[in-house]
Amino acid sequence: MIVFEPGFAGVAYPLDHPRIGAMPFSGAVAASTAAAGFPATNAANANTAQWWRPTAVPATWTLTFISAETSYCGIAAHNCGTVGATVNLQEWTGAAWATIATNTPTDDSPIFFLIRRKARDRMRVQFTGAIPTVGVIYFGDVLEFPQRADYVGSVSFERAVQDEYSTPVSDGGQWLGRYVTRRSVPASMKIDYLSEAWAEAYLTRLLDDLKSRPAFMADRPGKFPKSVVFAYTNGPVIPERTIPNDRLSISVTFGVTGNA
Amino acid sequence: MLDPVQIVGFRQKRCSLRFGVGACPATGTPKCFQTWPTCKAQTAFVNSGTIEWMFISNRPGQFAFGDFAVTNQIRTNCIPVDGLSVSTSKAQVNAAGVLEGKSPFGVQATCRVSMRDFPWDDHVGDFYTADRGALPDRTFWSVWAARNRFFGGMELVVYDGYAGQELSEFRQRLYAVDKIDGPDGSGGVTISGVSPLVQAEGKRSLFPDAMDVRLVSAIDDTQSTIRVLTNDETNLSKAFGISTRKGLIIGSEIMLYSGHVTVEPGIYDVAVDRGQLRSVAASAAIDARVQRIGYYEDVPTWQCARDLLQNHTPVGAALIDGPMWIDEGETYLSTLRSTAVITTPTPVFDLMGETCQQGMFFVWWDEYAAKVKMQAIRPPRGAVTLLDGVSNIVADSVRIKREPESTLTRVFVYYGPKDYTKNDKANYLVVDATVEGENEDPRAGGEARTLEITARWVGTAAHAQQVISRILSRYRDVPRFLTIQVTSKDRAITIGDVCDVTQRQIVDAEGRVLSSRWQVISWEEVKMGEIYALDLQTYELIGKFASWVANDAPDYAAASDLQKADGAWWADAAGLLPDGSNGYQWN
């Protein structure tokens, strides 16, 4: 689920332009509590199979980092929907923590907070209602694309789940049940008409980061707030020059697979 | 819709101390990884900690099944890996121990787990990550292999369940780790697991133990105290069998004794009764080899088998389903008793095969219960599972096979040995036999098919006749084997279960579909969490079979279904019970 800070309409581009939340900040991690075997640091990396689990709520997970422009928070590999936890994104006012966005998810899909861009040196996520188990918490500066993603032929990410089924029948032809034999969440997003200058300024750095770790990706956050994945690229992402005009020559397709 | 999930747990023991703390005097670097090869103070090593590494295929979902409540008994969260696969070779029981080409002890299950090695940062399992400084990029199995050298006591657990379930709801299969191969050039790792019963095979488990005990001085044929030399006093004190006195053999003479006296460490005097158990007292030279014998003295045969497994293999009591053995044994096998003498170290696996066949039971490793179970060759107990082609049997999965080579028309049981040191037919004083002449008739089977059993575990004619009749009841007709596949709703059906199968391929002479009775002799998971294959063997004990009920048991009409299944009531003059069903058979 994509969650907007109230009143937020985008930093440089409207909310129907794609966003990728990558290059997460590193820093000092602190949590209100942590269960044995589920330390707070487990949520400070991209590994979706290492989790932080507090022992009581309200629970907080705080990252303190070198001051930087901050415009997103991503949470993945969590079970907030299953357990019924509410997530509050909080910023430091200089005197206290203030909630700037809230979400009570109904499922365990990634949560992608998009917030006003400003310099911050710490951020905090507060969980209330139930004790969650959380694998990934990213804070960073979201990359907004200057063009919208291709619409025709695209699949909203939350519908991109590709299950394969097996359906045995009895010797007498009766239905004996259905089983999932394979699960995956492949997603794809294509963006055309990017300029050479923009690609050089932003895309190269993003693609370098995507080689090594997954990121949050949303194709039309304003219109399709459920269309978000936390996913890794299936292979190298190679922008192509498709139009002989360097102001809009670049096309890039992000083919990714999500597990969270 | 069910979403099957399979998790592989890999349990290993490790030290419960902390490096250089308390009872651990270790110093230096690098600090240990709680394992024997990395220990810097092996004399202080305390092997009471455990860690269970949990692996799962890469897939969506959160499987945070870690348990860190007890710091020395850790179960990790599920670690996603590529290429995780679990394959098993199924176990198969050999009911009545007769099937050609198979040990009477049956075929033991094995399990093979494969996966790809994966990057590893020691975020769990290493108590000293903060002390190690920067380490190179590394992979799990490559460092695991460097930190562990032996596989003894390691276990493989396969968890089968469905997404949304708690780990406690998953079914678990347990195997002993036999070996670990890899990682190979492509990162492949294979863990091989076996049924713990494999540990009774070959020379791993001998009964009695092979031992180095010698006479300190020569003896004549009357001497009642012998002096022996051994570096292990338990060679004299350990029980080999169930008997009032212990036994040993020198040459061909068996001696019985009750205890021994230490002369000095390594040298012991043993007061013996000479020329026991049909042997003749004889002189022996200095340094003559002394070997303990196995001796079961009028013990139910099933108890002999339990003692062999429990006390003379690594299986041990903890893995034996004691209550089930006692219930089966005391209910169905109490009259089959053995006086057996084993004079040379013999693989327990072979002896188990003999006791199964001559004691009329079968034994198998129930991976899910993680117990060695035993069932008598007996009528079904309680309700029989009904399976049919409409509700249970998966389309196109039925296979019927006949095994004429296992048919029997004659069974000979040789018993009453003249000499306990021999086990050939000529050594036995008595032979009991039954010949099914009808099936040998040229118009029928047309040939004699004979099973001869040299039965050191049989001591009486009644025992021999029971063995013969129970074997012939199952093998007088060509044994048929039915393989079917069922779905997860029927996955609780397991070895030993008796099923009435109604399937269009099984009909009477006029083509009417028959309900026929079969017994499950093996099972296999064909598709994880979805399809299970059952191998069944014809089961000739058809009808109602019963046992004496308690004095205060209700009348038939008031009895529960279970009471009706287990008990017996007199039928009326027409042979019918009050509800019109057929009466019980007197067997």
Side-chain angles (χ1 to χ4, degrees), chain A residues 34-39 41-42 44-45 47-53 76-83 108-110 131-136 160-186 212 229-232 257-260, chain B residues 1-5 54-71 74-81 118-119 121 123-125 129 162-164 387-398 484-490 502-505 526-531:
Chain A
F38 294 83
T41 50
N42 276 357
N45 58 50
N47 193 321
T48 56
Q50 297 175 18
W51 297 277
W52 164 61
R53 180 184 290 163
H78 66 87
N79 65 349
C80 295
T82 298
V83 300
D108 298 334
S109 60
I131 294 174
T133 301
V134 182
V136 175
V161 174
Q162 284 192 359
D163 290 350
E164 293 177 23
Y165 304 118
S166 171
T167 311
V169 294
S170 76
D171 202 58
Q174 302 300 315
W175 190 79
L176 293 178
R178 167 162 279 195
Y179 300 83
V180 180
T181 56
R182 183 170 299 167
R183 302 207 96 143
S184 62
V185 189
S212 60
V229 287
F230 178 69
Y232 51 88
T257 300
N259 262 4
Chain B
M1 186 165 62
L2 293 170
D3 182 2
V5 175
M54 302 283 278
F55 305 105
I56 189 171
S57 282
N58 274 321
R59 53 157 294 145
Q62 189 181 69
F63 299 92
F65 292 144
D67 184 349
F68 305 90
V70 180
T71 55
I74 293 171
R75 182 178 66 224
T76 72
N77 287 312
C78 293
I79 302 165
V81 295
F118 52 90
D121 61 2
H123 68 275
V124 64
T129 46
Y162 299 97
L387 295 174
D388 63 53
V390 174
S391 305
N392 311 96
I393 300 171
V394 173
D396 301 326
S397 70
V398 175
I484 58 174
Q485 292 182 355
V486 298
T487 59
S488 57
K489 72 184 177 66
D490 295 315
T502 307
Q503 176 61 20
R504 60 189 167 86
Q505 289 88 353
V526 178
K527 286 187 183 175
M528 178 185 75
E530 177 189 346
I531 303 289

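Naming convention: chains lettered A, B, ... in sequence-line order (proteins, then strands); numbering from 1 in each chain.
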About how many Å separate CG of A:N47 and CD1 of B:I79, when rounded to the nearest 0.5 Å?
9.5 Å

Could you measure the distance from the CG atom of A:N45 to the NE2 atom of B:H123? Nearest 0.5 Å is fine.
8.5 Å

Does any heavy atom of chain A fall under 4.5 Å from the side chain of [X], the backbone, both, or neither of them?
{"X": "B:I531", "value": "side chain"}
{"X": "B:Q503", "value": "side chain"}
{"X": "B:T76", "value": "neither"}
{"X": "B:D388", "value": "neither"}
{"X": "B:V124", "value": "neither"}

Minimum heavy-atom distance between [X] and [Y], given as atom pair plus value:
{"X": "A:T133", "Y": "B:A64", "value": "CG2-CB, 4.1 Å"}
{"X": "B:C78", "Y": "A:A49", "value": "O-CB, 3.7 Å"}
{"X": "B:P60", "Y": "A:V185", "value": "CG-CG2, 4.1 Å"}

I'd like to check A:Y179 versus B:K527 (side-chain heavy atoms, cut-off strictly below 4.5 Å). Are they in contact?
no

Among residues 164-174 of chain A, those lying within the under-4.5 Å heavy-atom range of chain B are A:Y165, A:S166, A:P168, A:V169, A:S170, A:D171, A:G172, A:Q174

Does the side chain to side chain contact (heavy atoms under 4.5 Å, CB included) test come out yes or no for A:Q50 and B:D121, once each step is laid out?
CA-CA 11 Å; A:Q50 297 175 18; B:D121 61 2; 3.7 Å; yes

Interface check, chain A: of B:Q62, B:R504, B:M1, most non-hydrogen pairs under 4.5 Å belong to B:Q62

